[in-house]
Amino acid sequence: MSHFTSIKTKLYDRETIEKSLSDLNIKWETEINKVRGYNNQEELAEIVIKQKNNHDIGFKWNGKEYELVTDLMFWDQKYSVNKFLNQVNQRYAFNLITKVSEEQSFQYVEAENLQDGSIRLLLRKFK
């Protein structure tokens, strides 16, 4: 019986996920494509975050989006699963907006972290 939980996300771009994790100082790997879980169970994943307790977190492509895959009993991050995903989602949105904006000739000017936890992003486009 598997103890793994898959949590749906709205994350579609692997490169942007990897950049977002790096921006958040979360170490990740792509060379190891298995998430380790309870009783040496394994689940395939494209992005793996190793935890000190040898029970990993992964992002697995399901054909439509990346899902977070982990054994929640062994969650060993400084934030809860929800807060972790919220931070990843926020950074992912920031990185995706700047990436797409640059492709459309917008210039990144500045970003400001607001007290409510949101990010104000200023882009400029010259004609």
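Numbers here simply count residues along the sequence, with the first being 1. Side chains are part of it too, since the values below use all heavy atoms of this structure and drop only hydrogens, waters and symmetry mates.
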> How about Trp75 and Phe84: are their ring centroids closer than 6.0 Å?
Replying inline: yes
> Is the closest side-chain heavy-atom distance between Arg36 and Lys50 below 4.5 Å?
Replying inline: yes
>> Apply side chain to side chain contact (heavy atoms under 4.5 Å, CB included) to residues Tyr108 and Leu123 and explain how you reach the verdict.
In response: CA-CA 5 Å; Tyr108 170 82; Leu123 303 168; 4.2 Å; yes
> Do the rings of Tyr38 and His3 sit parallel, tilted or perpendicular, given the 30° and 60° boundaries?
Replying inline: tilted
>> Side chains of Leu68 and Val88, heavy atoms from C-beta outward: is any pair under 4.5 Å?
In response: no
> Taking atom CD1 of Ile49 and atom CD of Gln51, what is their separation to the nearest 0.5 Å?
Replying inline: 8.0 Å
>> Under a 3.5 Å distance rule, please check whether Asn39 uses its side chain to pair with a backbone N or O of Gln41 as donor and acceptor.
In response: no
>> I want to check something: taking the side chain as every heavy atom from C-beta on, are Asn33 and Val48 in contact at a cut-off of under 4.5 Å?
In response: no
>> Does Ile57 form a side chain to side chain contact (heavy atoms under 4.5 Å, CB included) with Trp28? I'd like the steps, not just the answer.
In response: CA-CA 9 Å; Ile57 301 167; Trp28 52 272; over 6 Å; no
> Is there a donor-acceptor pair closer than 3.5 Å between any side-chain N or O of Ser118 and the backbone N or O of Leu114?
Replying inline: no
>> I'd like to know whether Ile119 forms a side chain to side chain contact (heavy atoms under 4.5 Å, CB included) with Gln90, so could you lay out the CA-CA distance, the side-chain angles of the two residues, the decisive distance to 0.1 Å, and finally the verdict.
In response: CA-CA 8 Å; Ile119 300 172; Gln90 183 183 50; 3.9 Å; yes
> Is there side-chain contact between Arg120 and Glu110, with heavy atoms separated by less than 4.5 Å?
Replying inline: yes
>> Just so I know, are the side chains of Asn86 and Tyr79 near enough to count as touching, which here means a heavy-atom distance under 4.5 Å?
In response: no
> In Å, rounded to the nearest 0.5 Å, how long is the span from OH of Tyr92 to CG of Leu21?
Replying inline: 11.5 Å
>> Do Lys99 and Asp13 have side chains that approach each other closer than 4.5 Å (heavy atoms only, starting at C-beta)?
In response: yes
>> Gln87 vs Ile26, test: side chain to side chain contact (heavy atoms under 4.5 Å, CB included). Steps then yes/no.
In response: CA-CA 11 Å; Gln87 288 185 321; Ile26 299 170; 6.0 Å; no
>> Could you see if Phe74 belongs to whatever hydrophobic cluster contains Phe59? Use Ile, Leu, Val, Met, Phe, Trp, Tyr and a side-chain cutoff under 4.5 Å.
In response: no
> Do Glu18 and Ile47 touch side chain to side chain, with heavy atoms closer than 4.5 Å?
Replying inline: yes
> Do the non-hydrogen side-chain atoms of Asp76 and His55 ever get within less than 4.5 Å of each other?
Replying inline: no
>> Can you tell me how far apart CD (Glu46) and OG1 (Thr30) are? Round to the nearest 0.5 Å.
In response: 10.0 Å
> Where the side chain of Asn62 meets the backbone of Glu67, is there a donor-acceptor pair that is under 3.5 Å apart?
Replying inline: no
>> Quick one: does any side-chain atom of Thr5 pair with a main-chain N or O of Val69 as donor and acceptor, under 3.5 Å?
In response: no
> Can you hop from Leu85 to Tyr66 via hydrophobic side chains spaced under 4.5 Å?
Replying inline: yes
>> Looking at Lys60 and Glu43, is there a salt bridge between them, counting it only when a charged N and a carboxylate O are closer than 4.0 Å?
In response: yes
>> Is it the case that over 12 heavy atoms from other parts of the model lie below 6.0 angstrom from the NZ atom of Lys8?
In response: no
> Going by atom types alone, do Ser20 and Asn95 pair a side-chain donor with an acceptor below 3.5 Å?
Replying inline: yes
